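Accompanying notes for the structure given below.
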There are 2 protein chains.
Amino acid sequence: MEEKEISKAVIKRLPRYYRYLGDLLEDGVERISSNELSDRMQVTASQIRQDLNNFGGFGQQGYGYNVKYLYNEIGKILGLDKTYNMIIVGAGNLGQALANYVKFEKRGFWIKGIFDVNPRLQGVTVRGIAIRMTDDLPQFVRDNEIKIAALTLPKENAEQMANLLIENGVKAIWNFAHIDLRLPEDVIVENVHLSESLMQLSYNINRYEREHEIKE
Amino acid sequence: MEEKEISKAVIKRLPRYYRYLGDLLEDGVERISSNELSDRMQVTASQIRQDLNNFGGFGQQGYGYNVKYLYNEIGKILGLDKTYNMIIVGAGNLGQALANYVKFEKRGFWIKGIFDVNPRLQGVTVRGIAIRMTDDLPQFVRDNEIKIAALTLPKENAEQMANLLIENGVKAIWNFAHIDLRLPEDVIVENVHLSESLMQLSYNINRYEREHEIKE
DNA sequence: TAGATTGTTAATCGATTAACAATC
DNA sequence: TAGATTGTTAATCGATTAACAATC
C-alpha cells in the first residue's frame with residue numbers, strides 16, 4: 001500500500017494543533033468545530049479540515065470534533081504515545097538548558113545522558129544526570145538504546161559526531177549546530193538554528209522601518 | 001513608492017545564504033555562480049537567482065556573484081549592519097543559555113540586561129551581566145533604548161510581559177514561550193517553539209517506521 | 001568575439017481556500 | 001426532520017522551476 005506523502009507544511013502545523021487542543025482540554029472544552037478552532041488559531045477552517053483529513057476523518061458532521069479524541073489522535077500521529085531515549089551531546093549552556101527542560105519527559109522524551117569533551121565537566125550533574133565524557137558515547141548509546149541525540153556542540157564537530165552516533169544506533173538528530181548535516185538518507189534531522197531565527201527577526205524590524213520611511 | 005512584498009519563504013532562506021556565503025568567504029572563495037551555490041546548498045540555481053533578485057541585481061552575467069559583496073548586501077538586507085540593544089526576560093536555563101551565547105554580539109545584538117521575578121537570582125551574574133528584578137524593567141528599557149526582548153519565561157506571563165515591554169519602547173519580541181502572542185500589529189514577533197520542533201522530529205521517526213512496516 | 005551566467009518571463013507544480021454534497 | 005458541520009472536490013492563489021534573451 002502506498003501512503004500518500006504528507007507535506008512538510010502540514011507536519012509543521014500539527015504540533016500547533018496539538019498545543020491548542022491541549023489548552024482546550026485543560027479548559028474543559030469537550031467539542032469544537034473547525035470554525036471555532038479557526039477563530040482561535042487564526043487559520044482558515046478549510047485548512048484545518050484539509051490538514052486533519054490527511055490522516056483520517058476525526059470529526060462528525062453536524063457535531064464537530066471531540067477535543068479529547070482529536071488531541072489523542074494527533075498525539076499518536078506525532079508519536080507522542082511512545083517513549084524515546086535521548087542524549088544531549090555538548091554540555092554547554094544550551095545543552096544544559098535542554099537537559100533541565102522537564103517537559104520533554106512529559107512527552108515521552110527521556111534524557112538518559114549528557115556528554116562533553118571538556119574534562120572539567122566530568123561528574124558535574126545536571127538535574128541528577130552526570131555529565132560524561134564523549135569517549136564513553138558509543139558504548140552508552142548501544143547499552144541504553146538511545147534513539148535521539150540533541151547536538152549542542154560547535155559546528156566543526158557536529159557531522160563527525162552525528163555519524164558516530166548513527167553507527168551506534170541513533171535514528172534521529174536534533175541539530176542545534178550551525179551547519180547542515182549531510183547524513184545517510186534514513187536518518188531524521190531536525191534543525192534549530194537560533195541565530196537564523198534572530199536574523200529573521202532583525203530583517204522584519206528593518207523591513208518595517210524601511211516601509212515606514214518610504215511613506216514619509 | 002510601493003515596495004513589493006517579499007514572501008516569508010524567501011526571508012527564511014536569507015540567513016542560510018548568509019551562512020553559506022560567510023563560510024565561502026572564510027575559505028577565501030572570491031566569486032560563485034548560482035549553479036555552484038546550488039550544488040552546495042541543495043537548492044535550485046533558479047531559486048537562488050529569483051530570491052536574490054527580489055532585492056536587486058547583485059550578480060554579473062558571465063561572472064556570477066562576488067562572494068564578499070553578496071555577503072555584505074545580504075547582511076544589510078537582514079539588518080546586520082546595525083546594532084540593537086536587547087534584553088532577556090526570564091533567567092532560567094534557557095535565558096541564561098542565550099545570555100551566554102557570545103555570537104549574537106558579533107551580529108550586532110547587544111545583551112544589556114537579564115531579568116527575572118525570582119529574588120534568589122538577584123545579583124547573580126551571567127557573563128558579567130547582573131540579573132535584575134522585573135520591577136526595574138520599564139525604567140531600564142527606556143533608559144537603555146532596548147529594542148528587542150527575548151522572552152524565556154512561562155507562557156502564563158508572556159503576553160502581559162510583552163505588552164509591558166512594548167509600552168516602554170520594545171519593537172520586537174523573540175518568543176520562546178509556548179504561546180502565540182496577540183500583540184499590536186506593528187510589533188515584530190519571532191517564535192522559537194522548541195517542543196514543537198521536537199514533535200516534528202518525533203513525527204518523522206514514526207513516519208519512517210510506519211512506511212517501513214507497510215512495505216514488509 | 002565566444003562563452004558563461006545572470007535577470008526575468010513563462011510554465012509548472014503544490015498548497016490554500018472556496019464551495020457544496022454527504023451525513024450526523 | 002432541520003440545522004450544523006464535516007469530508008472532499010474544484011477553483012484559486014502563490015511559490016518553484018524551466019527557459020532563454022540580455023549582457024558581461
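Order of the sequence lines fixes the chain letters, A, B, ..., with proteins taken first and strands second; residue numbering starts at 1 for each chain. Everything numeric in this text was worked out from a predicted model, so none of it was measured.
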Exercise. Give the rounded distance in Å between these two atoms: CD1 of B/I32 and P of C/dA4.
Key: 17 Å
Exercise. Could you check whether B/S7 gets within reach of a base, just the sugar-phosphate, or nothing at all, counting any heavy atom under 4.0 Å?
Key: sugar-phosphate
Self-check item: Protein-nucleotide distance (A/L70, atom CG; D/dT5, atom C1'), rounded to Å
Solution: 14 Å
Quiz prompt | Gap between atoms CZ and P, on A/R31 and D/dA4 respectively (whole Å) | solution = 11 Å
Practice problem: Taking only the side-chain nitrogens and oxygens of B/S34, find out if one of them lies under 4.0 Å from OP1 or OP2 of C/dT5. | Solution: no
Quiz item: Can you find a donor-acceptor N/O pair under 3.5 angstrom joining the side chain of A/Q50 to the base of C/dT17?
Solution: yes
Exercise. Rounded off to whole Å, could you give me the CD-to-C1' distance for the B/Q61 and D/dC24 pair?
Key: 6 Å
Exercise. Would you check if the distance from the ring center of A/W174 to the ring center of A/F109 is below 6.0 Å?
Key: no
Practice problem: Establish, with yes or no, whether the OP1 or OP2 oxygen of D/dG7 is under 4.0 angstrom from a side-chain nitrogen or oxygen of A/R49. | Solution: no
Quiz item: Any Lys/Arg nitrogen of A/D180 or B/R16 sitting under 4.0 Å from an Asp/Glu carboxylate oxygen of the other?
Solution: yes
Quiz prompt | Short side-chain N/O contact from B/S46 to OP1 or OP2 of D/dA18, under 4.0 Å | solution = no
Quiz item: Nearest-Å distance, CG (A/N54) to C1' (D/dG7)?
Solution: 12 Å
Quiz item: Applying a 3.5 Å limit to both distances, which nucleotide forms a Watson-Crick or G-U wobble pair with C/dT9?
Solution: D/dA18
Quiz prompt | Whole-Å gap separating C1' (C/dG14) and CG (A/D51) | solution = 14 Å
Exercise. Mind calculating the distance between CZ (B/F55) and P (C/dT8) to the nearest angstrom?
Key: 14 Å
Exercise. Anything under 30° is parallel, anything over 60° is perpendicular, the rest tilted; go ahead and classify A/H193 against A/H178.
Key: perpendicular
Quiz item: Start at the 5' end of DNA chain C and walk down; is the nucleotide closest to A/R13 or to A/Y63 reached first?
Solution: A/R13
Quiz prompt | d(CD, B/Q47; C1', C/dG14) in whole Å | solution = 14 Å
Quiz item: How long is the gap from CD on B/Q50 to CZ on B/R13, to the nearest 0.5 Å?
Solution: 10.0 Å
Self-check item: B/Y71 and B/Y18 aromatic ring geometry - parallel, tilted or perpendicular at 30°/60° bounds
Solution: parallel
Quiz item: Would you say a side-chain N or O of A/Y65 is under 4.0 Å from OP1 or OP2 of D/dG7?
Solution: yes
Exercise. Could you let me know what D/dT23 is paired to, Watson-Crick or G-U wobble, both distances under 3.5 Å, or none if it's on its own?
Key: C/dA4
Quiz item: Choosing from C/dT5, C/dC24, D/dT17, which nucleotide comes nearest the side chain of A/Q60?
Solution: C/dC24
